[in-house]
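This report concerns only the one structure given below.
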Amino acid sequence: MGLQEMLPAVGEAVREDGKQGSESSWASTASSREAEAVTVEEEERAHLAMVERHIEEARLRADGLAGRMQAAHDETGAYLTQARGELSPEDAHFSALELGRMGVQAATAQGSSERLAKLAAVPYFARVDFADAEGEQVTYLGRFAFSWRNQAVVSDWRSPVASLFYDFEPGPAFFEAPAGRREGTLMRKRQIGIEDGQLRYAADSSSSVRDEVLVQALSRTADAKMHDIVSSIQQEQNAIIRDEAPGTLIIQGVAGSGKTSIALHRIAYLLYRQKERLNAHSVAILSPNQVFSDYISGVLPELGEEPVMQWSLYGFAQRLLRGVAKVQPPRSWADETDLARMVRVRAKGTEEFADELASWLDGLMAAEGAHLVFDPRDLPVGGATAEASWLAERFAAYAPVPFSERLDLVAGDAREQAHGQTFGRYAQTLPTRRELAGRLRRMMTAKNAPALYRRFLAETGRSALRKVPASGVVEWEDAFPLALCHWAFEGADGFDGCSEVRHLVIDEMQDLSPVAHEVIARTFPCDKTILGDVNQLVDDREATAPSAVAARYPGARIMSLMRSYRSTWEITALAAQVKPIAGLEAVQRHGEEPRLVRCGDTRGVLEAIDDAVAQWQRGTRRTLGIIAKSDFLAARYGELMARDHELTLLTDETDEYPGGLVVSSVRLAKGLEFDEVVLLDVDARQYATESDRNLLYVAVTRAMHRLAILFRDEPSPLLGKATAERA
C-alpha cells in the first residue's frame with residue numbers, strides 16, 4: 001500500500017485508538033510509570049547538578065586563564081610599541097612571534113570558556129549503560145566531550161560508544177572501540193531533555209518514549225538557522241553520518257527527510273574522526289544559493305567545528321570562469337517568456353548534451369586527437385628552429401595533459417633543445433619558456449575555452465543554442481559547458497581554491513545539470529557527499545535520476561532516505577496527493593488540515609494574506625513563508641505586502657536568511673522550512689503541467705505545522721480530488 005492510500009487509514013486509526021485504546025493502556029499503568037519516572041528524574045537531577053558544578057568550575061578556570069593570557073598579551077604589545085626602534089631586528093622578530101603565540105593562547109582559552117558555557121546550557125542528551133567482559137560502564141552523550149580530573153564526564157556524540165544510543169535497543173549490542181569491537185549488553189538507554197541547564201525530562205527508552213521524544217523535537221518552531229539534531233538522529237540517518245568509506249556517497253532523500261542536516265552531521269563526524277586528513281579549510285559545501293548557505297551556516301559551529309568553505313552554485317560558476325567570461329544569474333523558468341531560450345535551456349540540460357561534449361573534449365585531449373586542436377609551424381628558438389613535425393610529436397606525447405600545461409611542457413622541451421644547439425650571441429637571447437608557450441598557443445586551432453565551445457556547437461550542429469547577451473558574458477546555461485572547455489585547457493589546478501578541497505558536499509543535486517556534474521567530477525577528485533531529491537526539480541529540464549548522477553562519479557554509492565520528518569501528517573498527506581512517491585513514509589505527528597481559501601481576485605488574496613499574518617502574529621511560531629510560483633510574482637506580492645507588514649523578500653541577491661515573515665518564489669524557498677506557509681495563486685492555470693507539479697510539491701513541503709493554499713477561482717487539479725472537494 002502506498003502512502004496516498006495508507007495515510008488516511010492510519011490517520012483515522014491513530015485518532016480513534018488514541019482516544020480509546022491508548023487512554024485505557026495509560027490509565028492501567030499510570031501509577032507504576034509515574035513512580036518510575038520520579039525515580040529516574042531524581043537520579044538524573046542529582047547527576048546534572050554534579051556535572052554543572054564541574055562545568056562551572058572548569059569555566060571559571062578557563063575564564064581566569066583567558067584573562068591572564070589576554071593581560072600578558074596586552075602588556076607585551078604595549079612594551080613592543082614603546083620599544084619600537086630600540087630592539088634589534090632579531091629581538092623584534094622573536095618578540096612578534098611571542099606576541100602572536102600569546103594571542104593564540106588567549107583566543108584558545110576564551111574559546112574553551114565559550115564552549116563550556118554552551119555545554120552548561122545542554123551538557124548531554126542521553127545515557128547508555130553497557131556491560132561486557134570488561135565490566136559495566138555508564139556513558140553520558142552530548143554535543144561536546146567534557147572531562148573532569150582526567151575522568152570522562154560527557155562523551156562526544158561522534159565517539160564510538162555513542163553508536164549504542166543510535167543503533168541499538170536494550171539487549172545484545174556492540175561498538176567499535178579503538179582497541180577493537182566490544183560486544184556485550186546494552187543495559188539501559190535513557191533519553192534526557194535539558195534546556196538552559198534545567199532537566200525537562202528523563203526516560204528510559206521504549207518505542208513509545210522514542211516516538212514522544214521525536215515528535216517533541218519535530219514540533220519545535222523553525223528558526224532563522226538550521227540547528228543540530230544530535231538528540232534525535234534516527235538509525236537510518238546514523239548509518240549515513242558514520243559512513244567513512246572513501247569515494248562519493250549520493251543521498252536521495254524525500255522532502256523533509258533531513259538529508260541536508262544529515263550531510264552536515266556527516267561532515268562534523270568526519271572532521272572528528274579524520275583530523276589528520278580533514279580540517280575546516282579542506283571541506284567545501286556547494287549550495288543552491290547564498291540564502292540557503294546562510295541558513296545552514298550555524299550547524300557545524302553548534303557541533304563544535306569551525307565553519308567550512310561555502311559556495312553558492314552561481315558563485316561557484318563565477319569562480320570557475322574567472323578571467324574567461326562573466327555569467328548571467330540563474331533565471332526562474334516560471335518567469336520565462338522567451339520560448340527560444342527555453343529550447344536552449346532544455347537542450348543543454350540533457351544527458352546527451354553532457355555526454356557528447358565530454359566525449360568530444362576527451363577525443364581532442366587524446367594523443368590521436370592532438371592534430372585536431374594543434375596545428376604547429378616551424379618555431380625559431382634563438383639560433384635554432386623547432387620543426388613543426390617535432391612540435392606536433394611532443395604535443396601529442398604529453399596527452400592527455402590539459403592544453404595549457406602541455407604547451408608549457410613543449411615550450412620547455414623546445415628551449416632545452418635550442419640551448420644545446422645555440423652558440424655565441426644567440427645563447428644570450430633565448431626566449432623564455434613563457435614567451436615560447438605564448439607563441440605555441442597561437443598555433444592552437446581553438447585558443448581558449450570560448451573558442452573551443454563555439455567549435456563544439458558548430459561541429460555538432462548546435463550553433464543555434466548559443467546566444468551572447470553581451471561581449472564577454474554568457475547565459476547561465478552556458479556556464480558549465482564553458483567551464484568544461486576551460487578545464488580542457490587548465491585542468492583542475494586552473495580553478496582557484498578547488499585543489500585544496502578534500503571533501504566536497506553538493507546539496508540539491510537535482511539543480512545541477514549533467515554538464516555541471518561532469519565538471520565537478522573532473523575538477524574534484526576528492527571524496528564527496530552529494531544529496532538531493534529528484535522530485536524537487538524546479539526548472540523545466542528532464543530530471544536526472546540518482547543512478548545517472550552516480551554514473552558521473554566513478555564508484556559512487558547511493559543511499560536513500562524515504563521517511564519524512566518535517567511536516568505534519570496532514571501536510572505530508574497532501575504532498576503525497578500532489579506527487580505520489582513510492583515508498584514514502586510519514587512520521588505520525590498530527591496537526592491542522594491544510595486550508596484552501598477561494599480569493600476571487602488580488603484584493604481577496606491580499607486580505608487572506610493579512611488574515612494569515614495576523615493569526616501567525618498572535619501565536620508563538622517564529623517563521624511564516626509567503627510563497628509564490630515565480631520570482632516576478634514574489635516580488636510583486638512583496639511590494640504590495642510591504643505597505644502593511646515588515647518582511648524580507650528573498651532574491652538572488654539576498655545573502656542572509658532572517659527568519660520572521662518571508663516572501664519568496666518556490667525556487668528560492670527550496671531547502672528552507674517555515675513554521676507556517678501560505679501558497680499564493682494555486683490555480684488551475686498557474687499549476688497545470690508536470691513541471692508545475694514539482695514546483696507545487698516543493699512549495700507544499702516547506703510547511704512544518706500549518707499550511708494555507710490560496711486560489712482565485714478554481715484550485716489546481718494537481719492538489720487532488722479530495723482537496724478540490726474540500727475547497
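Index from 1, following the sequence.
Of the residues listed (Phe165, Trp148, Tyr124), the one engaging Tyr140 in a ring pair (Phe, Tyr, Trp, His ring centres under 6.0 Å) is Tyr124, and it is the only one. In summary, of the residues considered (Val154, Val122, Leu119), a side-chain contact (heavy atoms from CB on, under 4.5 Å) with Phe144 occurs for Leu119 alone. A side-chain contact (heavy atoms from CB on, under 4.5 Å) with Thr568 is found for one member of His590, Arg589, Arg706 and no other, namely Arg589.
In this structure, CD1 on Ile558 lies 11.5 Å from CD1 on Ile251, to the nearest 0.5 angstrom. A distance of 6.0 Å separates CZ in Phe316 from CG in Leu286, rounded to the nearest 0.5 Å. The distance from the OG atom of Ser564 to the CZ atom of Arg566 is 7.0 Å, given to the nearest 0.5 Å. Arg552 CZ to Ile250 CD1: the interatomic distance, rounded to the nearest 0.5 Å, is 11.5 Å. Here the CD atom belonging to Gln151 is positioned 10.0 Å from the NE2 atom belonging to His54, to the nearest 0.5 angstrom. How far NZ of Lys189 is from CZ of Phe130: 14.0 Å, rounded to the nearest 0.5 Å.
Between Ala255 and Arg702, the shortest heavy-atom distance links the atoms CB-NH2, 4.1 Å. Listed here is the closest heavy atom pair of Gln137 and Thr139: NE2-OG1, 3.2 Å. Nearest heavy atom pair, residue Val299 against residue Met226, reads CG2-O, 3.4 Å. Of all non-hydrogen atoms in Leu116 and Ile55, the two that sit nearest each other are O-CG2, 3.5 Å. Scanning all heavy atoms of the two residues, the minimum distance from Ser163 to Arg242 falls at N-NH2, 4.0 Å. Ala556 and Ala550 get closest at one heavy-atom pair: CB-O, 3.7 Å.
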Is there a salt bridge (charged side-chain N to carboxylate O under 4.0 Å, His left out) between Arg502 and Asp527? Walk through the geometry before answering.
CA-CA 6 Å; Arg502 294 186 176 181; Asp527 294 346; over 6 Å; no
Could you please spell out the steps behind the salt bridge (charged side-chain N to carboxylate O under 4.0 Å, His left out) verdict for Asp294 and Lys225?
CA-CA 8 Å; Asp294 179 67; Lys225 293 287 189 293; 3.3 Å; yes
Please walk me through it: do Arg190 and Asp129 pass salt bridge (charged side-chain N to carboxylate O under 4.0 Å, His left out)?
CA-CA 9 Å; Arg190 181 170 291 172; Asp129 297 8; over 6 Å; no
Let's go through Glu656 and Thr654 carefully: what are the C-alpha distance in whole Å and the side-chain angles of both, what is the deciding distance for side chain to side chain donor-acceptor pair (under 3.5 Å) to 0.1 Å, and is it a yes or a no?
CA-CA 6 Å; Glu656 291 185 0; Thr654 308; over 6 Å; no
Run the numbers on Phe292 and Tyr657 for ring pair (Phe, Tyr, Trp, His ring centres under 6.0 Å), then give the verdict.
CA-CA 7 Å; Phe292 187 75; Tyr657 176 64; 9.8 Å; no
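No donor-acceptor pair under 3.5 Å is formed between the side chain of Thr623 and the backbone N or O of Gly660. Not a single donor-acceptor pair under 3.5 Å links the side chain of Glu306 to the backbone N or O of Ala280. Side-chain atoms of Lys275 come within 3.5 Å of backbone atoms of Tyr272 as a donor-acceptor pair (strictly under, hydrogens ignored). For His265 (side chain) and Ser261 (main-chain N/O), a donor-acceptor pair under 3.5 Å exists by modelled atom type. No donor-acceptor distance shorter than 3.5 angstrom exists from the side chain of Ser147 to the backbone of Asn150, with no hydrogens or angles considered. In this structure, Ser282 contributes its side chain and Leu278 its backbone to no donor-acceptor pair below 3.5 Å.
Side-chain contact of Glu508 with Gln510: a donor-acceptor pair under 3.5 Å is present, judged by distance alone. Looking at Asn289 and Ser312, their side chains never bring a donor and an acceptor atom within 3.5 Å of each other. Residues Thr529 and Arg266 have side chains that bring a donor and an acceptor to within less than 3.5 angstrom of each other. Inspection of the Ser232 and Gln234 side chains reveals no N or O donor paired with an N or O acceptor under 3.5 Å. Side-chain polar atoms of Glu500 and His281 form no donor-acceptor pair below 3.5 angstrom.
Cation-pi contact between Lys528 and Phe524: absent, since separation from the ring centre below 6.0 Å together with deviation from the ring axis within 45° is not met.
A salt bridge links Arg127 with Glu44; the closest basic N to acidic carboxylate O contact falls under 4.0 Å. With respect to the salt-bridge test (charged N to carboxylate O, under 4.0 angstrom), the residues Asp507 and Lys259 do not qualify. A salt bridge is defined here as a Lys NZ or Arg NE, NH1 or NH2 lying under 4.0 Å from an Asp or Glu carboxylate O, and Glu176 with Arg181 meets this definition. We find that Arg158 and Glu305 are joined by a salt bridge, their nearest charged nitrogen and carboxylate oxygen being less than 4.0 Å apart. Look at Glu57 and Arg53 and you find no salt bridge, because none of the NZ, NE, NH1 or NH2 atoms lies under 4.0 Å from a carboxylate O. We find that Arg557 and Asp243 are joined by a salt bridge, their nearest charged nitrogen and carboxylate oxygen being less than 4.0 Å apart. Between Glu236 and Arg563, none of the side-chain N atoms (NZ, or NE/NH1/NH2) sits under 4.0 Å from a carboxylate O, so this pair counts as no salt bridge. With salt bridges taken as basic N to acidic carboxylate O contacts below 4.0 Å, none links Asp675 and Arg622.
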